[in-house]
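Working notes, beginning with the structure itself.
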Amino acid sequence: MVRLLLVDDQEIIRQGIKSLLESQSDFEVVGEAENGQQGISQVELLHPDIILMDVRMPIMDGIAATKAIIQKFPGAKILILTTFDDEEYICEGMQFGAKGYLLKDTPLELLANAIRLVHAGHTHLGPGLFQKIIPSIPETAIANNSTPPHELQKLTPREKEVLRLIAKAASNKEIAEKLFITERTVKNHVTNILTRLNLRDRTQAAIFANSYLHFLDF
């Protein structure tokens, strides 16, 4: 049974999502919160398997709550579920540790599948969202990340190691210490990764890496 926590400021939305999800035999909604601050408290109390997090909420928004929860509970699995597909929200949410990002109009079947994928340790972005922030990646590669994108073949083994640590939000200093190399060397690797993958910045690299993290394991 996958234990779920719903964090959304609109009660009618929470009740609707709860009703849909509990129609699935393997889901149980164990708690609800109406803002990010309450969400943090509920995580501490309930230790849910998956947290479904809205973005725009009073007192504390979902992005700030995601960052705070992951800092306190690094193993927490957060799936952002919102009406907003802003690139800034997607990038920040994933950068701060969310394992997925979906829109609220996602059909139940796709939402349930995303929850199961995240619960199994994968990362999931809703239809069109990956393409929205990283347009250079072919849609066919995004649709099914069971096959590694050809872009990864451009990276050296060391660059893949660096990319994997970027996905874990490690700083250049932390990467240097982990791999026993200099920070200057790390910076060179990051530059090469962005160039080879045709990515704009470190945030896009982290999102890309999180979506294909299972292909970066050694």
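Computation of the quantities below employed the complete heavy-atom set of this structure, encompassing side-chain atoms and omitting hydrogens, waters and symmetry-equivalent molecules.
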Tell me the closest heavy-atom pair linking [X] and [Y], and the distance in Å.
X	Y	result
His124	Ala114	CD2-CB, 3.5 Å
Pro48	Leu4	CB-C, 4.3 Å
Ala68	Ile40	CB-CD1, 3.7 Å
Ala167	Ala209	CB-CB, 3.5 Å
Thr66	Ala98	CG2-N, 3.8 Å
Ala205	Leu194	CB-CD2, 3.9 Å

Would Lys104 and Asp8 satisfy side chain to side chain contact (heavy atoms under 4.5 Å, CB included), going step by step from the backbone distance to the final call? CA-CA 11 Å; Lys104 287 180 179 176; Asp8 194 296; 2.6 Å; yes
Minimum side-chain heavy-atom gap [X]-[Y] below 4.5 Å:
X	Y	result
Asp49	Met1	no
Glu34	Met57	no
Leu6	Leu81	no

Grouping I, L, V, M, F, W and Y whenever their side-chain heavy atoms are under 4.5 Å apart, do [X] and [Y] come out in a common cluster?
X	Y	answer
Phe27	Leu108	yes
Ile63	Leu102	no
Val162	Leu197	yes
Ile80	Ile17	no
Phe84	Phe96	yes

State whether a side-chain donor-acceptor pair under 3.5 Å links Arg202 with Asn172. yes
Decide, yes or no, whether a salt bridge links Arg164 with Glu161 under the criterion of side-chain N to carboxylate O below 4.0 Å. no
Is the closest basic N to carboxylate O distance between Asp9 and Arg56 below 4.0 Å? no
Val190 and Asn188: CA distance, side-chain angles, deciding distance, side chain to side chain contact (heavy atoms under 4.5 Å, CB included) verdict: CA-CA 5 Å; Val190 172; Asn188 290 337; over 6 Å; no
If you count every heavy atom of other residues, nucleotides or ligands that lies below 6.0 Å from [X] atom [atom1], does the total exceed 12?
X	atom1	result
Lys178	NZ	no
Glu88	CD	no
Gln38	CD	yes

Given the options Thr83, Asn35, Thr82, Asp54 meets side-chain hydrogen bond (donor to acceptor under 3.5 Å, both in side chains) only with Thr82
Side-chain donor/acceptor of [X] to backbone N/O of [Y], under 3.5 Å:
X	Y	answer
Asp61	Ala64	yes
Thr185	Ile181	no
Arg3	Ile50	no

Applying side-chain hydrogen bond (donor to acceptor under 3.5 Å, both in side chains), name anything that partners Glu87, two or more places apart in sequence or on another chain. Arg200
Not counting sequence neighbours, which residues clear side-chain hydrogen bond (donor to acceptor under 3.5 Å, both in side chains) with Gln71? List them please. none
Per the side chain to side chain donor-acceptor pair (under 3.5 Å) rule, what does the pair list look like for residues 12-23, sequence neighbours excluded? Arg14-Glu32, Gln15-Glu32
Set of residues satisfying side-chain contact (heavy atoms from CB on, under 4.5 Å) with respect to [X], sequence neighbours excluded:
X	value
Asp26	Gln24, Arg116
Asp105	Leu103
Lys72	Glu44

Look up atom [atom1] in [X] and atom [atom2] in [Y], then write down how far apart they are to the nearest 0.5 Å.
X	Y	atom1	atom2	result
Leu129	Thr106	CG	OG1	8.0 Å
Ile78	Met53	CD1	CE	4.5 Å
Leu52	Lys77	CG	NZ	13.5 Å
Thr203	Gln95	OG1	CD	3.5 Å
Thr156	Asn192	OG1	CG	8.0 Å
Thr182	Lys173	OG1	NZ	14.0 Å

Any chance you could lay out the side chain to side chain contact (heavy atoms under 4.5 Å, CB included) test for Val55 and Tyr101, step after step, and finish with the verdict? CA-CA 10 Å; Val55 170; Tyr101 197 109; 3.9 Å; yes
Side chain to side chain contact (heavy atoms under 4.5 Å, CB included) between Leu152 and Phe208: does it pass, once the steps are laid out? CA-CA 10 Å; Leu152 280 180; Phe208 175 91; 3.7 Å; yes
